[in-house]
Amino acid sequence: MNKYNICVVGSGYVGLVTGSCLAELGHRVVCVDSDRKKLSALKAGKIPIYEPGLPEIIKRCRKLGRLHFAASVKEGLNPPGQRADVVFIAVGTPPRADGSADLSAVEAVAEEIAKNIKDYTVVVDKSTVPVETGDWVSRTISRFNKKGVPYDVVSNPEFLSEGTAVKDFLNPDRIVLGVTSARAEKVMRGLYASLPGPVIVTDVKSAELIKHASNSFLATKISFINAVSALCEKVGADVSQVAHGMGLDKRIGPLFLRPGIGFGGFCFPKDLEAFYWISKQKGYDFSLLKAVKDINEFQKSWVIRKVEEKLWNLEGKTIALLGLAFKPHTDDMRFAPSVDIAQMLSQRRVKIRATDPVAMPRAQEMPAMKGVTFCRNAYECVKGADCLVLITEWPQFKDLDLKRAFKIMRTPLLLDGRNLYDPAKARAAGFTYCGVGK
Ligand code: UGA
């Protein structure tokens with residue numbers, strides 16, 4: 001297998017996982033980040049994100065001399081005695097107020113790359129971007145590439161889920177390569193040669209659309225089952241049974257049909273918005289995406305509706321939130337449903353207690369979580385509460401001793417926002433139990 005010299009610009013979630021895993025495959029990688037604080041933490045062996053398996057890979061690859069960190073694109077592209085064959089753009093594309101993606105960081109990196117490449121370089125867009133970004137990157141590079149150094153732009157979207165990102169990288173369902181030349185295709189195939197999974201080679205725009213369409217489709221599946229769950233509650237059906245029955249059809253599949261209090265994270269909400277925005281900008285009103293978003297927003301109010309149904313007024317009640325991260329095995333609080341739920345509850349003068357195995361430090365920093373009492377563990381959290389709301393399905397919470405929780409709560413109401421518990425067991429422990437769509 002050919003070993004390549006790689007520069008990854010942006011050492012955030014996507015860049016750090018991508019760079020580290022490429023080093024794990026045997027390539028020589030320099031991860032770049034302009035944030036000095038983050039860089040010195042990384043150099044000191046401190047990993048800024050919680051991602052299972054990642055610290056071990058970083059430690060091993062650094063020891064083997066295959067993974068380095070640098071402060072600038074110039075340094076990352078031209079480390080001592082080397083030159084990057086491939087440069088990944090993995091910087092953030094945060095949402096603007098109108099829902100479109102802010103691509104200014106991508107543009108700035110493209111300009112830097114253009115000014116610092118010395119020989120043929122494959123420029124890979126890894127950041128999640130709207131269709132036609134590859135064209136803009138290419139135009140930007142040609143504008144600042146005064147010496148006419150040859151290059152190719154490739155779209156190689158990532159399909160990593162937080163919490164399982166390392167596993168996802170090393171065992172991909174597919175590797176998508178949007179290329180413009182056989183030369184770039186050869187390099188990209190070489191880069192991933194040791195990984196299993198099919199390689200899809202296509203044009204740049206199609207590759208860009210695969211990413212946005214995939215995330216939006218997954219979000220659609222979740223909103224669909226959440227809408228079905230609302231109907232189940234109205235007629236007394238069980239959404240778990242419905243989802244099971246649907247999922248056995250191979251054309252539908254069982255995954256991403258888990259109802260809950262809404263999807264969150266930095267990908268689905270933002271990509272859904274950006275996909276809707278770019279479709280409209282291109283002249284197509286992709287209204288299905290708007291409905292997916294609206295259903296998700298409504299779903300977040302499930303907790304409020306249920307508490308009112310069971311306990312009458314929210315004002316003055318104490319509610320315990322188990323879990324804060326947008327999903328288990330991550331400390332990511334970005335667009336976490338817990339934040340919207342906490343805001344809705346505090347507007348109604350609810351006393352909020354909360355706990356999470358890893359996301360508490362991040363949650364404590366958020367202005368939206370001001371006023372929340374953070375607790376060391378689930379029992380401390382539910383003590384004296386009128387309602388326990390399961391927000392994030394961490395395995396620790398699944399093992400909760402419900403009888404013990406029942407004894408220390410003021411009112412034994414359990415709102416299971418992720419259908420984690422066995423309703424019969426919860427009721428046997430003394431709880432009034434409500435699951436989503438049950
Ligand atoms: C998502 C995609 O799954 C990845 O393939 C993609 O690469 C990534 O976005 C990205 O674009 O970077 P991620 O946001 O880490 O990954 O998390 P998911 O596991 O997809 O979950 C997203 C949200 O949907 C969570 O809040 C989760 O609780 C919710 N969800 C998921 C449900 O409510 N029901 C389900 O059945 C599945």
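We count ligands from 1, going down the list as the structure has it; atoms in each ligand are counted the same way. Along the sequence shown, the residues carry numbers beginning at 1.
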Mind checking whether [X] has an N or O less than 3.5 Å away from an N or O of ligand 1?
{"X": "Arg258", "answer": "yes"}
{"X": "Gly265", "answer": "no"}
{"X": "Glu393", "answer": "no"}
{"X": "Gly264", "answer": "yes"}

Which residue and non-hydrogen atom of the protein lie closest to [atom], and at what distance in Å?
{"atom": "atom 9 (O) of ligand 1", "value": "Cys267 CB, 3.2 Å"}
{"atom": "atom 12 (O) of ligand 1", "value": "Glu158 OE2, 2.6 Å"}
{"atom": "atom 14 (O) of ligand 1", "value": "Phe326 CE1, 3.7 Å"}
{"atom": "atom 24 (O) of ligand 1", "value": "Phe263 CB, 3.3 Å"}

Is [X] positioned over the aromatic face of [Y], cation under 6.0 angstrom from the ring centre and no more than 45 degrees off axis?
{"X": "Arg174", "Y": "Phe159", "value": "yes"}
{"X": "Arg334", "Y": "Phe266", "value": "yes"}
{"X": "Lys383", "Y": "Tyr379", "value": "no"}

is_close_aromatic(Tyr284, Phe286), centroid dist under 6.0 Å | yes
Judged by atom type as modelled, is there a donor-acceptor pair below 3.5 Å linking the side chain of [X] to the main-chain atoms of [Y]?
{"X": "Glu51", "Y": "Gly163", "value": "yes"}
{"X": "Ser301", "Y": "Phe298", "value": "yes"}
{"X": "Asn171", "Y": "Lys167", "value": "yes"}

At under 4.0 Å between heavy atoms, which part of [X] makes contact with ligand 1: side chain, backbone, both or neither?
{"X": "Leu257", "result": "backbone"}
{"X": "Leu160", "result": "backbone"}
{"X": "Phe268", "result": "side chain"}
{"X": "Lys327", "result": "side chain"}
{"X": "Lys211", "result": "side chain"}

What residue among Arg28, Arg66, His27 forms side-chain contact (heavy atoms from CB on, under 4.5 Å) with Leu22?
-> His27
